[in-house]
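First comes the structure, then the notes that go with it.
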Amino acid sequence: MSSVALISTVLAVASACSSSDISSMEQAFFDKRAALIERYSSQDNTFAALQAQVDPNEPDSAEYWRWRIDQYLYGQYPEFQPVYDSYTQGKSFHQIYQLPAENLGPKTPAPSSVPELPAGHFSDNLQGNPHTGWHDLVKDKVYITYQGHLTDPYIASYDLKTHEWEGPYKAADSTLSKGDRKIDSHGRPIIEQDGKGHFHIVYGGHGGEREDGLNPLSFDTPHAGGRMLHVMSEKPNDISSFVQVNDITPFASYTSSHKMANGDIYLFTRAGTHKSPWVYYKMKNGEQRFEPPVLITWPTPQRDNPINVDTFYINPMKISDTEIAISYLWHECNFNEDHNKETYGRINAYYMKLDTTDDTFYNARQEKLSLPITLAAANEKTLAFDSTQREETPFTTEPLILQNLQPAVAYQARSKNLREWRMTVWENGQWEHSQPLPGTRNRTLTDVANHNIDNIISLQVLGVGELENQAVVVYKNGRGETVFATAVRDNPGVQNWQVEEEYLVLAKSSMEMEAVKDAEGNSVAVILNVRKGTAQRLYLWQDGVFRAKL
């Protein structure tokens, strides 16, 4: 579609969407909008590609794509923002766009009964997939926050010395899965304690709500629902009551946070739905609000086919008192919201590092990186594993902390017949991929009857010193049951593990565990998510005992 044809179409759509006696203010807005689209279309063919998606046989199609074009113009070219904001001030979404109500359901009805799980859990029955929640270890207390009933954030604390629980309390309300909306697990909450002793929980986001307007940090519209929200405990060291803090974008999705040795807190999140940049927010020690976001990545429509957009999934991990490593993968998505169910459009693995002493990003070569990172820059500067010419694709990535401190990335390689965790590591000035994960080369595990275990789901060494020969493990036994157990080995030089004691053995179930580690890296407890059918609970295991909430 030529630029002239595009502008004619845009003006025709605008005329059709407005009343016959369109006001001078509305006409001025549409004229300015059309002029901006005409100016930028000479270099950006995304406008024509979006307009071409209008289906004349669908009554809402023209209005829907008008909204999508508005958001693209608003996020990609900020010059449009004051024009749009002035025109839409005081108007609701449905006063701006004649579109039907959003449908994000249907919600699966709550089961009348659920399978019975073993005693020892501390949470109510959970819906969705809250994983193991997020935790913060403060002195002798573990603070755990997780996605509870209807995806609202819940918080509990456990004293490692007195074995006393407090909570769980409902900390706030989420918009994510209310009404007829299906249960959505993207809003999992994180928790951090600031320098004044107040707890901060960020939760609930999967793209924001239509009524939040257009997203200034993205060119993608909300199509999942759920505001990202931030609450802070009213009193220091008190988890019983929280207040709202309005300092982060409601459009965000996913949460990960890290508190550095100097007390600064870094919150990483995606600033919207799929076709959105990743950002970080920083809360300086002594402060209780996050500073404005810093763009880490920026999505780019593909020049030859701009309906497709190249963006990322990132995963940050604190690797020292002052450094955060970030692994990430290329995510190829599109404006039509068609998702590849085979590879999920996940390609390659990348690595970079944030030095929080001056908030500078570096690659494995210690070259400074300019932000925001686009796909072209990522491929040139941070590519750790190129999967484009290989059968397997990385479904997810995680940074690794190796004993020699070499940059390394773990990635879950997937193909039709493969699902396996592998590693790419920076050695002698280049990346070496398809390596086994640390501690897995020639690793064996035998159960209490000395039978070999072939399906090890997760094995975590408990610490250093005496603890490096002890581990917790989740595996599938020969009967297909999922087992949570402890294991031991004779010395750290070999990977021959022997199950010492089985604590949970469940048929037709899944388990996910997360170690609670102290400052020295020793595991002081384990949080376990146990799921069987519609039953799902969180457990805390410490010193060989599940610490039930009495």
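Along the sequence shown, residues carry numbers from 1.
You'll find the side chain of L137 reaches within 4.5 Å of the side chain of L160, heavy atoms only. In this structure, the side chains of D194 and H200 come closer than 4.5 Å at one or more pairs of heavy atoms. Residues D264 and T356 are not in side-chain contact: their nearest non-hydrogen atoms beyond the backbone lie 4.5 Å or more apart. Contact check for F484 versus V526: side-chain heavy atoms found under the 4.5 Å cut-off. In this structure, I457 and N455 have side chains that are in contact, with non-hydrogen atoms separated by less than 4.5 Å. Contact check for R441 versus Q435: side-chain heavy atoms found under the 4.5 Å cut-off. Two residues are said to be in side-chain contact when any heavy atoms from C-beta on lie closer than 4.5 Å; M232 and R289 fail this criterion. Within the 4.5 Å cutoff, side-chain heavy atoms of P316 are placed close to those of H258.
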Verdict with supporting geometry, Y146 and I527, side chain to side chain contact (heavy atoms under 4.5 Å, CB included): CA-CA 11 Å; Y146 59 93; I527 302 170; over 6 Å; no

Verdict with reasoning, D247 to Y281, per side chain to side chain contact (heavy atoms under 4.5 Å, CB included): CA-CA 9 Å; D247 59 352; Y281 289 87; over 6 Å; no

Stepwise ring-ring contact (aromatic ring centres under 6.0 Å, His included) test for H331 and F312: CA-CA 5 Å; H331 176 49; F312 303 99; 9.7 Å; no

Evaluation steps, side chain to side chain contact (heavy atoms under 4.5 Å, CB included), between H149 and K170: CA-CA 9 Å; H149 180 63; K170 177 182 169 181; over 6 Å; no

Test salt bridge (charged side-chain N to carboxylate O under 4.0 Å, His left out) applied to E192 and K259, step by step: CA-CA 7 Å; E192 298 286 355; K259 186 175 181 179; over 6 Å; no

Test salt bridge (charged side-chain N to carboxylate O under 4.0 Å, His left out) applied to D152 and K178, step by step: CA-CA 10 Å; D152 291 328; K178 298 302 189 291; 2.7 Å; yes

Test log, rule side chain to side chain contact (heavy atoms under 4.5 Å, CB included), inputs D159 and E166: CA-CA 9 Å; D159 192 306; E166 181 183 0; over 6 Å; no

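Between the CD1 atom in I296 and the CD1 atom in I314 there is a gap of 4.0 Å [rounded to 0.5 Å]. Annotation: the span from Q76 atom CD to D220 atom CG amounts to 12.0 Å, rounded to 0.5 Å. Atom CZ of F251 and atom CD of E209 lie 9.5 Å apart (nearest 0.5 Å). For the atom pair H198 NE2 and S233 OG, the distance stands at 5.5 Å (nearest 0.5 Å). Between the OG1 atom of T440 and the CH2 atom of W421 there is a distance of 12.0 Å, given to the nearest 0.5 Å. Within the model, atoms CD1 of I373 and CG of L295 stand 11.5 Å from one another, a figure rounded to the nearest 0.5 Å.
N529 and Q536 share a donor-acceptor pair across their side chains, judged by distance under 3.5 Å alone. Counted by atom type alone, D386 and T388 present one or more donor-acceptor pairs between their side chains at under 3.5 Å. Looking only at atom types and distance, the side chain of K517 has no donor-acceptor partner in the side chain of S523 under 3.5 Å away. Side chains of Q542 and H163: a donor-acceptor N/O pair is present below 3.5 angstrom, by distance only. When only modelled atom types and interatomic distance are considered, T221 and Q71 share no side-chain donor-acceptor pair under 3.5 Å. Using a 3.5 Å distance cut-off with no hydrogens or angles, the side chains of Y203 and H230 do not pair a donor with an acceptor.
In this structure, D124 places its CG atom where only 12 or fewer heavy-atom neighbours from other residues, nucleotides or ligands lie under 6.0 Å away. Heavy-atom contacts from other residues, nucleotides or ligands closer than 6.0 Å to CD of E466 number 12 or fewer. The 12-atom threshold is not exceeded at CD of E391, counting heavy atoms of other residues, nucleotides or ligands nearer than 6.0 Å. The neighbour count for N442 CG, taken as heavy atoms of other residues, nucleotides or ligands under 6.0 Å away, does not exceed 12. Counted within 6.0 Å of NZ on K282, heavy atoms from surrounding residues, nucleotides or ligands total more than 12; the atom is thus considered enclosed.
At least one donor-acceptor pair closer than 3.5 Å links the side chain of T382 to the backbone N or O of A378. Side-chain atoms of E432 do not come within 3.5 Å of backbone N or O of V425 as any donor-acceptor pair. N308 contributes no side-chain N or O that, together with a main-chain N or O of Q302, makes up a donor-acceptor pair within less than 3.5 Å. Under a 3.5 Å cut-off, the side chain of W134 and the backbone N or O of I201 do not form any donor-acceptor pair. Although no hydrogens or angles enter the test, the distance criterion places a donor-acceptor pair under 3.5 Å between the side chain of N285 and the main chain of N262. Proximity of a side-chain donor or acceptor of K549 to a complementary backbone N or O of G167 within less than 3.5 Å is detected. A donor-acceptor pair under 3.5 Å links the side-chain atoms of T175 to the main chain of R227, judged by distance alone. Proximity of a side-chain donor or acceptor of S253 to a complementary backbone N or O of G207 within less than 3.5 Å is not detected. In this structure, the side chain of T482 does not engage the main chain of K476 through any donor-acceptor pair within 3.5 Å. Side chain of T397 to backbone of A410: no donor-acceptor contact under 3.5 angstrom is found.
Residues T393 and S387 share a closest heavy-atom pair of OG1-OG, 4.3 Å. Of all the heavy atoms in N334 and K275, the pair that sits closest is O-NZ, 3.1 Å. A pairwise comparison of heavy atoms in L538 and T132 identifies CD2-CA, 4.2 Å as the closest pair. When all heavy atoms of G204 and S174 are compared, the closest pair comes out as CA-OG, 3.9 Å. Taking each heavy atom of G187 and L176 in turn, the nearest pair found is N-CD2, 3.6 Å. For the pair A172 and P153, the tightest heavy-atom approach, listed with the atom from each and the gap, is O-CD, 3.3 Å.
Aromatic ring pairs are classed by plane angle as parallel below 30°, tilted from 30° to 60° and perpendicular above 60°; the pair F385 and Y411 is parallel. A tilted orientation is assigned to the rings of Y280 and Y266, their planes being inclined by 30° to 60°. Ring geometry for W541 versus Y503: interplanar angle over 60°, hence perpendicular rather than tilted (30 to 60°). Ring orientation note: the planes of Y77 and Y72 are nearly perpendicular, at an angle over 60° on the 30°/60° scale. Taking the six-membered ring for Trp and thresholds of 30 and 60 degrees, Y328 and Y350 have nearly parallel ring planes, at less than 30 degrees apart.
Taking the six-membered ring for Trp and the full ring otherwise, the centers of Y351 and W431 sit less than 6.0 Å from each other.
Relative to the ring axis of Y313, R346 places its NZ or CZ within 45° and under 6.0 Å from the centre.
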